[in-house]
Amino acid sequence: MGLTEKDLARLGTAAQKQIRDELSRRDTAKKARCLQTSAARRGPLLPEAESELEQRYYAAELWPKIMAGLVAHVELHKQFLLYPADTYCGLRLPAAHYTPDFLVTYTNGTVEAVEVKHAKIRKLQRDYIYRRRLFIEKYARPNGWKFTEYIERE
C-alpha cells in the first residue's frame with residue numbers, strides 16, 4: 001500500500017523530502033534495470049549508431065557500464081539549440097545546434113555528454129570547436145554535466 005499526496009502532506013518537510021528522494025532513487029534503479037535487460041537482449045551492438053566508431057565506443061565503454069547497472073539512461077544524438085534562427089539587416093541567420101553522440105545519465109545522477117570523432121573528421125569540421133564550446137558554456141557547465149571527447153587517432 002503506497003502513500004498518497006494527501007498522506008505526504010501530513011508529514012513534515014524533512015520526511016517528505018526523504019520519501020520523495022527514496023521514490024526517485026527507486027525509479028532510477030528501475031530504469032537502469034530496464035536498460036540493462038534491453039542491453040543484455042541486444043548485446044553490445046547498437047543498430048541506431050551513425051558510425052562504426054560510435055558502435056565500437058558503445059561496445060567498449062557504455063555497454064559494460066550498462067551491464068554493471070551503473071547507467072540509467074542513454075540517449076543518442078540529442079540535439080541542443082545553441083542559437084535560434086533569426087534575421088539581421090535582411091540576412092537570414094539559420095539556427096545553430098550541437099548534437100553530442102551520447103547523452104548518458106548514470107544511476108548516481110551524473111550526466112555525461114560524449115562526443116566520438118575520428119581525428120581526420122574533427123580537423124575537417126572547423127566549426128566544431130566553437131559549437132562544442134557553446135554547448136559546454138550553455139548546457140554542460142551550468143547543469144554540472146561531464147563532457148567527454150573520444151578522439152580516435154590512426
Side-chain angles (χ1 to χ4, degrees), residues 1-5 8 11 13-84 94-154:
M1 193 157 126
L3 291 173
T4 64
E5 280 298 320
L8 265 176
L11 300 172
T13 55
Q16 286 180 12
K17 182 183 181 324
Q18 186 177 7
I19 291 171
R20 285 198 170 97
D21 288 347
E22 178 60 22
L23 291 174
S24 174
R25 188 195 62 76
R26 287 182 185 181
D27 185 48
T28 301
K30 184 179 177 183
K31 286 179 183 176
R33 282 193 303 276
C34 289
L35 181 64
Q36 190 176 26
T37 303
S38 172
R41 226 179 296 121
R42 181 174 60 219
L45 302 175
L46 189 64
E48 306 92 35
E50 290 182 352
S51 70
E52 181 187 328
L53 185 58
E54 287 178 13
Q55 286 186 354
R56 286 197 316 250
Y57 181 84
Y58 177 83
E61 298 290 330
L62 294 179
W63 194 72
K65 291 177 185 176
I66 292 170
M67 296 311 296
L70 301 174
V71 175
H73 185 70
V74 176
E75 193 168 352
L76 268 75
H77 308 114
K78 181 175 179 174
Q79 192 175 72
F80 292 89
L81 179 67
L82 299 175
Y83 285 111
H97 297 93
Y98 180 76
T99 308
D101 294 316
F102 300 99
L103 191 65
V104 183
T105 306
Y106 292 94
T107 53
N108 66 3
T110 305
V111 176
E112 178 181 26
V114 180
E115 184 66 44
V116 179
K117 287 206 177 300
H118 193 281
K120 289 180 181 178
I121 299 297
R122 184 173 186 243
K123 196 172 185 176
L124 289 173
Q125 293 177 337
R126 293 176 186 242
D127 67 333
Y128 165 70
I129 59 171
Y130 303 110
R131 287 185 294 111
R132 177 190 65 188
R133 174 67 190 267
L134 285 169
F135 170 76
I136 289 171
E137 296 302 334
K138 191 168 181 180
Y139 292 99
R141 194 183 307 252
N143 292 312
W145 298 350
K146 282 178 59 181
F147 183 85
T148 303
E149 188 176 52
Y150 176 77
I151 305 295
E152 184 179 73
R153 311 264 181 241
E154 295 228 20

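Side-chain N or O atoms of N143 include none that pairs as donor or acceptor with a backbone N or O of W145 at under 3.5 Å.
Within 6.0 Å of CD in E137 there are more than 12 heavy atoms belonging to other residues, nucleotides or ligands.
Relative orientation of the Y98 and F147 rings is tilted, given thresholds of 30° and 60° on the angle between their planes. The aromatic rings of Y58 and F102 sit parallel to each other, their planes meeting at less than 30°, with 60° as the upper class boundary.
Side-chain contact between Y57 and E152: absent, with no pair of heavy atoms (C-beta onward) separated by less than 4.5 Å. D101 is not listed as a side-chain neighbour of Y150, based on a closest heavy-atom distance of 4.5 Å or more.
Taking CG of L76 as the start and CD of E54 as the end, the distance is 6.5 Å to the nearest 0.5 Å. K146 contributes atom NZ, which lies 15.5 Å from atom CZ of R141 (distance to the nearest 0.5 angstrom). The line from CD1 of I66 to OG1 of T107 is 11.5 Å long, rounded to the nearest 0.5 Å.
By the 6.0 Å and 45° rule, K138 does not stack over the aromatic ring of F80.
Across E149, Q125, E115, a single residue satisfies side-chain contact (heavy atoms from CB on, under 4.5 Å) together with R132, and that is E149.
The two residues I151 and H118 make their nearest non-hydrogen contact at CG2-C, 4.5 Å. Between P64 and A59, the shortest heavy-atom distance links the atoms CD-O, 3.4 Å. Listed here is the closest heavy atom pair of L103 and K78: CD2-CD, 3.8 Å. When all heavy atoms of L81 and A95 are compared, the pair lying nearest together is CD1-CB, 4.1 Å. In this structure, L62 and V104 approach most closely via the heavy-atom pair CD2-CG2, 3.8 Å. T99 and Q79 make their closest contact through OG1-CG, 3.6 Å (heavy atoms, listed as atom of the first residue, atom of the second, distance).
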**Request:** List the steps and the verdict of side-chain contact (heavy atoms from CB on, under 4.5 Å) for V74 and W63.
**Result:** CA-CA 10 Å; V74 176; W63 194 72; over 6 Å; no
